[in-house]
Amino acid sequence: MADARRQGGCLCGAVRFSAIPKKPEYGACHCSICRKWSGGPWLAVDCGGSVVVEQGAKMGAYSSSEWAERRFCTSCGTALFYKLKDQDFFVVSLEAFDDAQGFTFTEEVCIDEKPASYAFANHTRKMTGAEMFEAFAEAQEDKADRSGKSDG
Amino acid sequence: MARGADARTGGCLCGAVRFTATPRQPHFGACHCAMCRRWAGGVWMAVGCGPDVSFNDSAPVATFSSSKWAERGFCAKCGTALFYRLRDSGHYQMALGAFDDSSGLTFTRQIFIDEKPDSYAFADDTRNLTGAEVIDGYLADKSAGAIAGTDEEARR
């Protein structure tokens, strides 16, 4: 059920949230920022603007680039969300969901930054960082065309 | 004993934490246990570096006591996952992604393979241990049961 709202949170329980995955799919990001943040490739689910964080959550935010920030629990360090600064767009750590079952591994991005020392065996759609940005920009344009106004 | 030639530097995303650590073996491993998966947000990959890891003065290293035998360290400012540390031996497993240069490190081991979700798998040729095997190994030798770069590996 791709449109069911799922609960999730960090290791220690200081952050609880809910979100609706856009699709029952996740991707891996191999960029150097994700690998430094997570220790290894980051696995995450596109949840659009559906993320709702419970009040009192101990959330830290780090501005990791000009366009995005990463949010984590300040009590236990769990990596939770990647969020674009200028819009309600969240990518959520797969394993932050209490029930991470039922997701298919479909995509690997920033494959050009992946070290040769490991590789997933799965059949996934692979994109370089540039291809990912291009695909995202196209999706944003489509969205703007459909809604008849630009995002912002 | 630290072998200076093999010491590597690393740090967090924001630069507030810097460390120097010496991998015991030029190996890294992945842990698929439920805690590592939730904490890292992806696949936790780490390098066994023994007890002698040095951090810069006033590095904002926060620790979370995740179990009775270990704690997890991260940067309090940017959330970068830095290490998993066993209490008894004081041995650090430093995050692979935190090293400035992780070239020359081979993927040799996957632990808690029985807790790994079926939806992903690595193509690499690794020695895989279940959670029970890891815990048995740890109870027999407190520096073993670690992700990679253990004394046990050195003896083989």
Side-chain angles (χ1 to χ4, degrees), chain A residues 8-12 14 25-26 28-44 59-64 69-82 91-98 100-106 108 115-122 124, chain B residues 10-14 27-32 34-47 61-66 72-84 93-100 102-108 110 117-124 126 147:
Chain A
C10 65
L11 256 193
C12 75
E25 295 175 2
Y26 67 93
C29 184
H30 299 287
C31 80
S32 61
I33 299 179
C34 280
R35 285 186 288 110
K36 184 164 284 215
W37 193 42
S38 297
W42 189 46
L43 302 179
M59 190 90 81
Y62 170 64
S63 173
S64 48
E69 60 184 35
R70 289 159 196 268
R71 297 193 178 173
F72 59 98
C73 172
T74 52
S75 173
C76 67
T78 296
L80 292 162
F81 314 129
Y82 169 96
V91 189
V92 178
S93 294
L94 170 71
E95 294 292 349
F97 288 109
D98 296 337
Q101 300 290 311
F103 288 96
T104 312
F105 183 19
T106 54
E108 295 180 63
S117 54
Y118 71 85
F120 286 110
N122 304 73
T124 53
Chain B
C12 67
L13 274 179
C14 73
H27 299 161
F28 68 92
C31 182
H32 301 289
M35 271 202 202
C36 278
R37 284 187 277 118
R38 189 173 290 238
W39 186 57
V43 182
W44 172 245
M45 291 179 165
V47 183
V61 176
T63 55
F64 171 63
S65 179
S66 50
R72 295 168 190 270
F74 58 99
C75 174
K77 289 187 162 178
C78 67
T80 295
L82 294 164
F83 60 80
Y84 171 93
Q93 295 163 18
M94 302 305 290
L96 179 71
F99 285 96
D100 296 331
S102 60
S103 62
L105 299 175
T106 311
F107 189 14
T108 57
Q110 295 183 62
D118 291 333
S119 62
Y120 70 85
F122 286 103
D124 309 87
T126 54
I147 211 162

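Hydrogens, waters and symmetry mates are skipped; everything else that's a heavy atom, side chains included, is used. Throughout, protein chains are lettered first and strands after them, A, B, ... in sequence-line order, and every chain is numbered starting at 1.
Rounding to the nearest 0.5 Å gives a distance of 11.5 Å between CG of B:Asp100 and OG of A:Ser32. Annotation: the span from A:Lys36 atom NZ to B:Phe99 atom CZ amounts to 10.5 Å, rounded to 0.5 Å. Considering CZ of B:Phe64 and SG of A:Cys12, their distance stands at 5.0 Å, rounded to 0.5 Å. Atom CG in B:Leu96 sits 12.0 Å away from atom OG in A:Ser38 (nearest 0.5 Å). One finds the CG atom of A:Leu43 at 8.0 Å from the OG atom of B:Ser119 (value rounded to the nearest 0.5 Å). Note that OG1 of A:Thr124 and OH of B:Tyr120 are 14.5 Å apart. Values are rounded to the nearest 0.5 Å.
For CG of B:Asp118, the number of neighbouring non-hydrogen atoms (other residues, nucleotides, ligands) closer than 6.0 Å is 12 at most.
In this structure, chain A has heavy atoms under 4.5 Å from both the backbone and the side chain of B:Arg37. Neither the backbone nor the side chain of A:Pro115 comes within less than 4.5 Å of any heavy atom in chain B. Contact annotation for B:Cys36: neither backbone nor side-chain heavy atoms come within less than 4.5 Å of a heavy atom of chain A. For a residue to count as touching a neighbouring chain, one of its non-hydrogen atoms must lie under 4.5 Å from one of that chain's; by this rule A:Cys73 touches chain B with the backbone only. For chain A, the nearby part of B:Ala76 is the backbone; its heavy atoms alone come within less than 4.5 Å. Of the atoms belonging to A:Ser63, not a single heavy atom falls under 4.5 Å from chain B. Residue B:Leu82 does not touch chain A at all, counting heavy-atom pairs closer than 4.5 Å.
A donor-acceptor pair under 3.5 Å links the side-chain atoms of B:Trp39 to the main chain of A:Cys76, judged by distance alone.
Interface summary for chain B: among A:Phe97, A:Tyr118, A:Phe103, A:Tyr26, the most heavy-atom pairs under 4.5 angstrom belong to A:Tyr118. The choice from A:Gly39, A:Ser93, A:Gly9 that makes the most heavy-atom pairs within less than 4.5 Å of chain B is A:Gly39. Between chain B and the residues A:Gln101, A:Glu95, A:Glu69, the largest count of heavy-atom pairs under 4.5 Å involves A:Glu95. Put simply, of B:Thr106, B:Asp124, B:Thr126, the one with the most heavy-atom pairs under 4.5 Å next to chain A is B:Asp124. Counting heavy-atom pairs closer than 4.5 Å to chain B, the top-ranked of the candidates A:Leu80, A:Thr78, A:Thr104 is A:Thr78. Counting heavy-atom pairs closer than 4.5 Å to chain B, the top residue among A:Ala44, A:Ala116, A:Ser75 is A:Ser75. Across B:Gly42, B:Ala95, B:Ala40, B:Cys78, the residue that shares the most heavy-atom pairs under 4.5 angstrom with chain A is B:Cys78. Counting heavy-atom pairs closer than 4.5 Å to chain B, the top residue among A:Ser117, A:Ala96, A:Ala79, A:Gly40 is A:Ser117.
Between the side chains of A:Tyr62 and B:Thr80, no donor-acceptor pair of N or O atoms lies under 3.5 Å.
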